[in-house]
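Below is one structure, written out as structure tokens; comments come after it.
Reckoned from all heavy atoms, side chains included, excluding hydrogens, waters and symmetry mates. Letters A, B, ... are given to chains in the order of the sequence lines, protein chains preceding strands, and every chain is numbered from 1.
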Amino acid sequence: MSENVAPHTHFQYEDARHQADSAIAGMWLFLATEVLFFGGLILAWIFCRHWNPEGFAAGAKESVLWIGTVNLALLITSSFVYGLGQAAIEAGRVRMLIWCCLLTAGIGVVFLGLKLLEWHVDLDENLWPAGPFKLHGAEADGGRLFWIFYFVATGLHAVHMLVGIVAVCWIALRARRAEFTADWHTPVTVVGLYWSFVDMVWIVLYPLIYVVGRLS
Amino acid sequence: MRHLLWMWLALVALGACAFGGAFLPLPAGLRPLLMLPSLVMVAILALGFMEVRRGGALPGAFALAAIFWLFVLLGLGSADPLTRRVYPADQGGASVPGPPEISPQR
């Protein structure tokens with residue numbers, strides 16, 4: 001192993017490329033476990049909807065479609081903005097990376113703000129499954145199952161969003177300290193993978209929550 | 001950067017399709033098809049923004065493994081509810097003559 005490694009290369013790697021490949025592969029491995037984590041939620045949705053289609057659809061009709069749709073547009077745009085930042089640092093433009101990170105984190109905060117507003121509306125409408133529930137009769141049980149799925153899924157996604165916002169701010173901070181260059185910016189790539197995955201999870205949750213059951 | 005813009009426009013268009021799907025009067029059995037625009041969006045994100053093909057062999061293998069195990073999870077997990085027959089419970093210890101099938105609530 002060479003003693004003359006790049007400034008950011010740890011001793012156990014042959015060179016900076018080896019270290020970058022390992023970090024990116026490590027994030028992909030983590031994301032593979034996350035796919036199975038959220039896969040359990042999707043399986044719960046399939047199972048509950050199969051046995052309670054009418055109640056599940058009645059529950060879905062109570063969801064706030066406009067907030068879910070605005071949040072979908074926000075997250076798609078945030079991945080685009082972060083992608084611009086990645087392209088900027090590949091061209092050595094650190095300042096643009098910082099602005100893109102701040103904008104991405106800002107969009108993430110707006111997403112969470114809208115999510116809090118949506119939860120507030122849901123609770124006002126008596127859609128918390130453990131309390132006095134809005135739906136009655138034959139649809140009540142399936143409706144409760146839908147709203148359990150809704151709060152668990154959106155809650156877990158919101159936690160992932162919070163982690164993503166902190167990670168993107170951390171990238172902005174490191175970029176401000178001039179730690180990234182066109183030749184070395186592996187953390188920017190790794191955090192970008194995580195952010196796009198969180199976006200991906202919302203893209204899958206959106207039809208499960210807001211679309212499939214609406215006109216059933 | 002132009003390819004990023006095209007991907008963003010494609011995602012917005014597909015997002016609009018997903019939104020429009022909420023108002024399509026499809027029967028309950030076909031409504032899971034409304035997931036299709038979202039699945040295309042996921043593919044665009046994985047291939048475009050996450051550049052899974054550019055990452056090399058190992059990230060590609062992890063991504064394929066994730067898809068494979070997700071299919072195993074969803075396939076084996078839903079095989080039971082989608083194929084199970086439900087019979088009425090035996091009330092009062094008397095034997096039930098022919099087991100009439102009860103389909104899930106529709």
Quick check: are there more than 12 heavy atoms from other residues, nucleotides or ligands sitting under 6.0 Å from [atom1] of [X]?
X	atom1	answer
A/Trp184	CH2	yes
A/Phe30	CZ	yes
A/Arg93	CZ	no

Under 4.5 Å between any side-chain heavy atoms of [X] and [Y], yes or no?
X	Y	answer
B/Met41	A/Ile76	yes
A/Arg49	B/Arg31	yes
B/Met50	A/Met200	yes

Chain A contact via [X] - which portion, at a heavy-atom distance below 4.5 Å:
X	value
B/Ala61	neither
B/Ala65	neither
B/Leu5	both
B/Leu33	neither

(message) Checking A/Gln19 now: which residues fulfil side chain to side chain donor-acceptor pair (under 3.5 Å) with it, not counting sequence neighbours?
(response) none

(message) Heavy-atom cut-off 4.5 Å, strictly under: side chain, backbone, both or neither for A/Thr69 against chain B?
(response) side chain

(request) Against chain B, label A/Thr189 side chain, backbone, both or neither, depending on which of its atoms sit under 4.5 Å from a heavy atom there. (result) neither

How long is the straight-line distance from [atom2] of [Y] back to [atom1] of [X], given to the nearest 0.5 Å?
X	Y	atom1	atom2	value
B/Ile44	A/Ser79	CD1	OG	12.0 Å
B/Leu24	A/Arg214	CG	CZ	13.0 Å
B/Leu73	A/Ile42	CG	CD1	8.5 Å

(message) Please find the pair of heavy atoms, one from B/Leu4 and one from A/Ala87, that lie closest to each other, and give the distance.
(response) CD1-CB, 4.3 Å

(request) Identify the heavy atoms of B/Ala18 and A/Tyr206 that sit nearest to each other, and give their distance. (result) CB-CE2, 3.9 Å

Between [options], which has the largest tally of heavy atom pairs under 4.5 Å with chain B?
options	value
A/Leu31, A/Leu65, A/Leu208	A/Leu65
A/Ala91, A/Ala25, A/Gly142	A/Ala25
A/Ile46, A/Ile24, A/Leu36, A/Asp21	A/Leu36

(request) Verify whether the ring centers belonging to A/Phe80 and B/Trp8 lie closer than 6.0 Å. (result) yes

(request) Identify the residue among A/Val204, A/Val201, A/Asp199 that makes a side chain to side chain contact (heavy atoms under 4.5 Å, CB included) with B/Val42. (result) A/Val204

(request) Quick one: which of B/Gly15, B/Gly21, B/Ser38 has the most heavy-atom pairs under 4.5 Å with chain A, could you say? (result) B/Ser38

(message) If you count heavy-atom pairs within less than 4.5 Å of chain A, which of B/Ala63, B/Pro25, B/Pro32, B/Ser78 leads?
(response) B/Pro32

